[in-house]
Q: 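Input: one structure, supplied below.
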Amino acid sequence: MKQKTLTNTMDYQELADVYEQLDKTTKNLEKRDIIADFLKRTPKSELANVILFLNGEIFPSVSEEVLGIADKMVLKALSKITGKNENAITNVWKEKGDLGLVAEQVVKKKTQTTLSQEKLTISYVMEILRAIARFEGENSTQKKTGSLAKLLSSAKPKEARYITRTALGDLRIGVGFGIIRDAIVKAFNVEKEHVQHAYDFRSDLSELVLLAKESGNKGLKNVDLKVGKPLRLMLYQKAQGISNGFTRVGAPAAIEYKYDGMRVQCHFKKGEVTLFTRRLDDVTKQFPDLVGALKEHVSCKECILEGEAVAYNSKTKEYVPFQILGKRIKRKHRIDEIAKKIPVVLYVFDMLYLEGKNLLLEPFKKRRAALERIVRKKAWQVELAKQVITGNEDKAQRFYNEALEKHQEGVMMKKLDAQYQPGSRVGFGVKVKPILEPLDLVITGAIWGEGKRGKWLSSYVLSCKKGDVLAEIGKMATGLSEEQFEEVTKRLEPLITKTSGKRVEVQPKLVVEVGYEEIQKSPTYSSGFALRFPRLIRFRDDKEEPDDLERIKRIYQDQKSLSQKQA
DNA sequence: GCTGATGCGTC
DNA sequence: GTCGGAC
DNA sequence: GTCCGACGACGCATCAGC
């Protein structure tokens with residue numbers, strides 16, 4: 001019996017060593033080989049845990065459970081271990097740019113004063129982390145941070161580094177599903193396409209890896225599309241304008257509105273409807289109105305179809321900003337009441353399965369035709385995504401302009417004979433969105449970065465003018481090259497007027513041109529507005545003054561009047 | 001009972 | 001969602 | 001082309017602390 005136990009457990013230390021090796025190389029093939037070797041020597045009983053841990057997960061993504069730990073909770077745990085307050089730990093965090101490294105240091109200092117240590121096994125660490133996830137109610141914060149502190153205290157320094165990163169959901173070892181998939185291929189001598197296939201239809205790494213080990217290609221191939229089980233969505237690449245879109249997907253192409261809503265995968269089986277989000281979370285409860293509309297207007301026994309749920313104003317029949325739809329997304333209470341206040345219309349655009357037949361390999365044209373047969377259009381409830389098929393650039397451009405006038409994001413351009421490729425951003429379809437008129441804003445603050453940006457001020461607080469004073473309008477942290485992060489950090493450091501934790505305030509000198517998708521009303525920023533998807537376009541060293549709030553208000557109003565035109 | 005902090009999922 | 005970097 | 005990591009705003013749920 002004892003013998004059996006010995007062969008069936010694995011020390012967390014071994015996993016930590018693997019993490020470190022993965023950390024050291026940037027080469028994907030090396031990463032693959034390291035993981036493949038490790039998987040081969042992992043006992044079957046630990047394999048499900050190991051594969052999740054390698055992917056930085058505690059629960060399979062299909063699970064509804066979450067850990068409920070992020071940076072502030074880790075700070076609390078580290079504070080418990082050291083007896084230092086959270087500010088002191090934050091200062092170390094700022095220097096190191098990685099809470100995992102902070103935990104490692106904390107544990108290293110502590111172990112010098114303690115005597116013996118028991119070894120942590122992989123399943124034990126998993127068990128504790130899952131237990132942490134399940135604390136709820138009164139004092140749950142104490143319990144969570146207490147358990148984490150205890151776990152870290154019993155870990156070796158290197159283990160603490162990776163347990164912390166796992167708790168934060170940010171392993172930072174450059175490993176995602178692509179590399180894990182290739183490692184499974186190598187370790188268990190199976191075909192890449194079969195592993196990918198099983199993942200596309202189940203998204204459960206634990207199930208997948210056992211299948212690969214136990215039943216090989218045959219088992220993986222047998223994993224099939226099932227109504228009620230979500231499959232990974234096809235994603236679309238970005239094209240620069242209509243003309244570029246045609247070169248990418250060919251002409252003629254199907255061109256559809258890109259609605260500003262939420263993507264929904266709808267499963268029908270024996271009169272039951274289940275709705276899934278892009279991350280494959282079940283949101284059936286959140287959208288009872290949609291379930292009802294689908295039951296009424298989709299005529300089939302079994303099917304899977306996909307669409308975009310868009311919120312509108314029931315009185316004026318105007319689309320409303322995405323923020324409003326957002327009120328329904330994570331809702332658990334007063335669902336029916338809000339569903340009446342914020343109705344949604346579903347624009348369906350693809351059909352993946354119908355009456356026992358998997359349509360994924362059928363050309364898009366045919367899938368759309370099936371959709372048109374099965375869905376009985378009902379205005380403001382269930383409609384087909386507006387579409388034209390054309391190879392004519394002018395016609396496409398007019399359709400695109402029309403979509404923008406109706407305040408949608410732009411258009412999708414889809415290859416007519418393309419199959420449905422789950423889970424990848426393959427070039428069978430592209431999205432085309434406009435570039436809006438950029439804003440010139442001044443940097444008034446910054447935040448020290450994490451991980452590969454740990455040495456830089458890497459997120460910048462932006463302000464506009466509001467009369468004689470400045471007013472904040474959000475943060476920006478993308479669009480810069482590494483060189484530019486370095487440069488901005490050097491230029492901002494002498495301008496720092498105040499530091500609090502990882503955040504600094506700076507004299508307003510640096511003006512930047514900022515691109516974005518939309519101006520939103522903001523409850524957070526003093527200007528009353530914020531930018532959706534802000535990014536750096538270029539530095540404006542020729543300017544000293546940022547744009548005035550009046551200009552921002554004007555652009556905001558223009559957006560609104562555009563959306564009203566379509567009503 | 002209310003408010004702010006924190007975590008998490010949508011885009 | 002956006003973007004840059006590495007392969 | 002593909003994968004990965006480092007980030008944005010918002011709104012909801014939950015919990016701590018008053």
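So you know, we letter chains A, B, ... as the sequences are listed, proteins then strands, and number each from 1. In this text, all values refer to a predicted model and were calculated from it rather than measured experimentally.
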Q: Just checking A/Lys521: base, sugar-phosphate only, or nothing, at a heavy-atom cut-off of under 4.0 Å?
A: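 Sugar-phosphate, no base atom in range.
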Q: What is the distance, to the nearest angstrom, from the CD1 atom on A/Ile473 to the C1' atom on D/dC10?
A: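 Going from CD1 in A/Ile473 over to C1' in D/dC10 covers 15 Å.
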Q: Spell out, as yes or no, whether a donor-acceptor pair under 3.5 Å connects the side chain of A/Thr25 to the backbone of A/Glu30.
A: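 No, the answer is negative, given that no donor and acceptor are paired below the 3.5 Å cut-off.
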Q: Does a donor on one side chain sit under 3.5 Å from an acceptor on the other, for A/Glu306 and A/Tyr420?
A: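 Yes, A/Tyr420 and A/Glu306 have a side-chain donor paired with an acceptor closer than 3.5 Å.
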Q: Go through D/dG8, D/dC15, B/dG9 for me and flag the one nearest to the A/Pro534 side chain.
A: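 Ranking D/dG8, D/dC15, B/dG9 by closest atom to the A/Pro534 side chain puts D/dG8 first.
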Q: For A/Ser458 and D/dC7, is the shortest distance between a side-chain N/O and OP1 or OP2 below 4.0 Å?
A: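 Yes, because at least one side-chain N or O of A/Ser458 sits under 4.0 Å from OP1 or OP2 of D/dC7.
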Q: Using side chain to side chain donor-acceptor pair (under 3.5 Å) as the criterion, point out the one residue from A/Gln408, A/Arg532, A/His407 that pairs with A/Asp260.
A: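 Result for side chain to side chain donor-acceptor pair (under 3.5 Å) with A/Asp260: A/Arg532.
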Q: How close or far is atom P of B/dT10 from atom CZ of A/Phe287, stated in whole angstroms?
A: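 From A/Phe287 CZ to B/dT10 P: 10 Å.
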Q: Nearest-Å distance, OH (A/Tyr259) to C1' (B/dC11)?
A: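 Roughly 18 Å, once rounded to whole Å.
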Q: Hey, is the side chain of A/Thr26 poking within less than 4.0 Å of OP1 or OP2 on C/dG5, counting only N and O atoms?
A: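 Answer no for this pair, as no side-chain N or O of A/Thr26 is under 4.0 Å from OP1 or OP2.
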Q: How is A/Arg32 classified with respect to the nucleic acid when contacts are heavy atoms under 4.0 Å: base, sugar-phosphate, or nothing?
A: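 Touches nothing.
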Q: Using a 4.0 Å heavy-atom cut-off across all strands, classify A/Ile69 as base, sugar-phosphate, or nothing.
A: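 Answer is sugar-phosphate: A/Ile69 comes under 4.0 Å of backbone atoms only.
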Q: Other residues, nucleotides and ligands only: do more than 12 of their heavy atoms fall within 6.0 Å of CD on A/Glu337?
A: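 Result for CD/A/Glu337: enclosed.
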Q: Measuring from the side chain of A/Lys330 (C-beta onward, heavy atoms only), which nucleotide among D/dA9, C/dT2, B/dC8 has the closest atom?
A: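 Of the options given, the side chain of A/Lys330 lies nearest B/dC8.
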Q: Output the single nucleotide from D/dC7, B/dC11, D/dC10 whose closest atom is nearest the side chain of A/Thr524.
A: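 Nucleotide nearest to A/Thr524's side chain: D/dC10.
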Q: Mind checking if A/Gly427 touches a base, just sugar-phosphate, or nothing, with heavy atoms under 4.0 Å?
A: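 Result for A/Gly427 = nothing.
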Q: If I take atom NZ in residue A/Lys192 and atom P in nucleotide D/dT2, what distance separates them, rounded to the nearest angstrom?
A: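 These atoms are roughly 10 Å apart.
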Q: Please tell me if A/Ser459 has a side-chain N or O lying less than 4.0 Å from either OP1 or OP2 of D/dG8.
A: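 Affirmative; the distance criterion is met.
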Q: Does A/Gln520 place a side-chain N or O at less than 4.0 Å from the phosphate oxygens OP1/OP2 of D/dA9?
A: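 Result: no.
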Q: Do A/His267 and A/Gln265 have side-chain N/O donor and acceptor atoms under 3.5 Å apart?
A: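 A donor-acceptor contact under 3.5 Å links the two side chains.
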Q: For D/dT2 and A/Gln237 - does any side-chain N or O of the residue sit under 4.0 Å from the phosphate oxygens OP1/OP2?
A: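 Yes, because at least one side-chain N or O of A/Gln237 sits under 4.0 Å from OP1 or OP2 of D/dT2.
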Q: Could you give the NZ-to-P distance, from A/Lys455 to D/dC7, as a whole number of Å?
A: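 Between P of D/dC7 and NZ of A/Lys455: 13 Å.
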Q: With a 4.0 Å cut-off on heavy atoms, is A/Lys431 in touch with a base, just the backbone sugar-phosphate, or nothing at all?
A: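 Sugar-phosphate contact only - A/Lys431 comes under 4.0 Å of backbone atoms but never of a base.
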Q: Rounded off to whole Å, could you give me the CZ-to-C1' distance for the A/Arg331 and D/dT14 pair?
A: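 Answer to the nearest Å: 14 Å.
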Q: For the residue pair A/Tyr460 and A/Phe485, categorise the inter-ring angle as parallel (less than 30°), tilted (30 to 60°) or perpendicular (more than 60°).
A: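 The arrangement is parallel - the two ring planes meet at less than 30°.
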Q: Just N and O in the side chain of A/Lys238: are any of them under 4.0 Å from OP1 or OP2 of C/dC3?
A: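 Indeed, a polar side-chain atom of A/Lys238 lies that close.
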Q: Among D/dA13, C/dC3, B/dG7, which is the nearest nucleotide to the side chain of A/His333?
A: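 So the side chain of A/His333 is nearest to D/dA13.
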Q: Indicate whether OP1 or OP2 belonging to B/dT10 is found under 4.0 Å from a side-chain N or O atom of A/Arg328.
A: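 Answer is no, no contact under 4.0 Å.
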Q: So A/Lys452, base contact, sugar-phosphate only, or nothing? Heavy-atom distance under 4.0 Å.
A: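 Base, at least one base heavy atom under 4.0 Å.
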Q: Counting only side-chain heavy atoms from C-beta out, which of D/dC4, D/dA9, B/dC11 sits nearest to A/Met262?
A: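 The listed nucleotide nearest to A/Met262's side chain is B/dC11.
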Q: From C/dG1, D/dG8, D/dC10, pick the nucleotide closest to the side chain of A/Lys258?
A: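 Within the option list, the nearest is C/dG1.
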Q: Count the heavy atoms belonging to other residues, nucleotides or ligands that lie under 6.0 Å from CD of A/Glu86, then report whether that count exceeds 12.
A: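 Above 12, so yes.
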Q: Between C/dG1, C/dC7, D/dC10, which nucleotide gets closest to the side-chain atoms of A/Asn28?
A: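 When the side chain of A/Asn28 is considered, C/dC7 is the closest of C/dG1, C/dC7, D/dC10.
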Q: Which is true for A/Gly515 with a 4.0 Å heavy-atom rule: it touches a base, it touches only sugar-phosphate, or it touches nothing?
A: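 The answer is nothing, as A/Gly515 stays clear of every strand by at least 4.0 Å.
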Q: Compare side-chain N and O positions of A/Arg453 against OP1 and OP2 of D/dA6 and report whether any pair is under 4.0 Å apart.
A: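 Indeed not, no polar side-chain atom of A/Arg453 lies that close.
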Q: Give the nucleotide from the list D/dG11, B/dG7, B/dC11 with an atom nearest to the side chain of A/Lys72.
A: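 For A/Lys72, the side-chain atoms sit closest to B/dG7.
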Q: Please confirm whether the shortest side-chain N or O distance from A/Arg278 to OP1 or OP2 of B/dG9 is below 4.0 Å.
A: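 So the side-chain polar atoms of A/Arg278 never come under 4.0 Å of the phosphate oxygens OP1 or OP2 of B/dG9.
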Q: With nearest nucleotide decided by heavy atoms, which residue, A/Gln196 or A/Lys475, maps closer to the 5′ end of DNA chain D?
A: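 Counting from the 5' end, the first nearest nucleotide belongs to A/Gln196.
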Q: Across the strands shown, which category fits A/Lys31 at heavy-atom distances under 4.0 angstrom: base, sugar-phosphate, nothing?
A: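 A/Lys31: no heavy atom of the nucleic acid under 4.0 Å.
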Q: Hey, is the side chain of A/Ser140 poking within less than 4.0 Å of OP1 or OP2 on D/dT14, counting only N and O atoms?
A: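 Negative; the distance criterion is not met.
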Q: Measure from the side-chain heavy atoms of A/Glu136 and tell me the nearest of D/dC7, D/dC15, B/dC11.
A: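 Of all the options, the side chain of A/Glu136 is nearest to D/dC15.
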Q: Does OP1 or OP2 of B/dT6 have a side-chain N or O of A/Thr141 closer than 4.0 Å?
A: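 No, because none of the side-chain N or O atoms of A/Thr141 sits under 4.0 Å from OP1 or OP2 of B/dT6.
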Q: Does a side-chain N or O of A/Lys76 approach OP1 or OP2 of B/dA5 to a distance below 4.0 Å, or not?
A: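 False: A/Lys76 side-chain N/O out of range (4.0 Å or more) of B/dA5 OP1/OP2.
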Q: Could you tell me whether A/Leu171 contacts a base, only the sugar-phosphate backbone, or nothing, with contacts defined as non-hydrogen atoms closer than 4.0 Å?
A: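 Answer is nothing: A/Leu171 stays at 4.0 Å or more from every strand.
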Q: Has A/Arg172 got a side-chain N or O lying under 4.0 Å from the OP1 or OP2 atom of D/dG5?
A: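 No, no such contact exists.
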Q: Between A/Lys31 and A/Asp182, is there a side-chain N and carboxylate O pair less than 4.0 Å apart?
A: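 The answer is no: the pair does not qualify as a salt bridge.
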Q: Using a 4.0 Å heavy-atom cut-off across all strands, classify A/Leu480 as base, sugar-phosphate, or nothing.
A: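 The answer is sugar-phosphate, as A/Leu480 gets under 4.0 Å only of primed atoms, P, OP1 or OP2.
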Q: Counting any heavy atom closer than 4.0 Å, what does A/Leu67 reach on the DNA or RNA strands: base, sugar-phosphate only, or nothing?
A: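 The answer is sugar-phosphate, as A/Leu67 gets under 4.0 Å only of primed atoms, P, OP1 or OP2.
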Q: Select from A/Trp448 and A/Gly176 the residue whose nearest nucleotide in DNA chain D is closer to the 5' end of that strand.
A: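 Going by which nucleotide is closer to the 5' end, it is A/Gly176.
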Q: OP1 or OP2 of D/dT14 sitting under 4.0 Å from any side-chain N/O of A/Lys332?
A: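 Looking at the OP1 and OP2 atoms of D/dT14, one of them is under 4.0 Å from a side-chain N or O of A/Lys332.
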Q: Would you call A/Glu20-A/Arg161 a salt bridge at under 4.0 Å N-O?
A: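 Yes, A/Glu20 and A/Arg161 are salt-bridged.
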Q: For A/Asn139 and D/dT14, give me the distance from atom CG to atom C1', rounded to whole Å.
A: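 A/Asn139 atom CG is separated from D/dT14 atom C1' by 14 Å.
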Q: Using a 4.0 Å heavy-atom cut-off, does A/Tyr516 contact any base of the nucleic acid, only the sugar-phosphate backbone, or nothing at all?
A: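 Here A/Tyr516 touches no strand at all.
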Q: Mind calculating the distance between CD1 (A/Ile338) and P (D/dA13) to the nearest angstrom?
A: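 Atom CD1 in A/Ile338 sits about 9 Å away from atom P in D/dA13.
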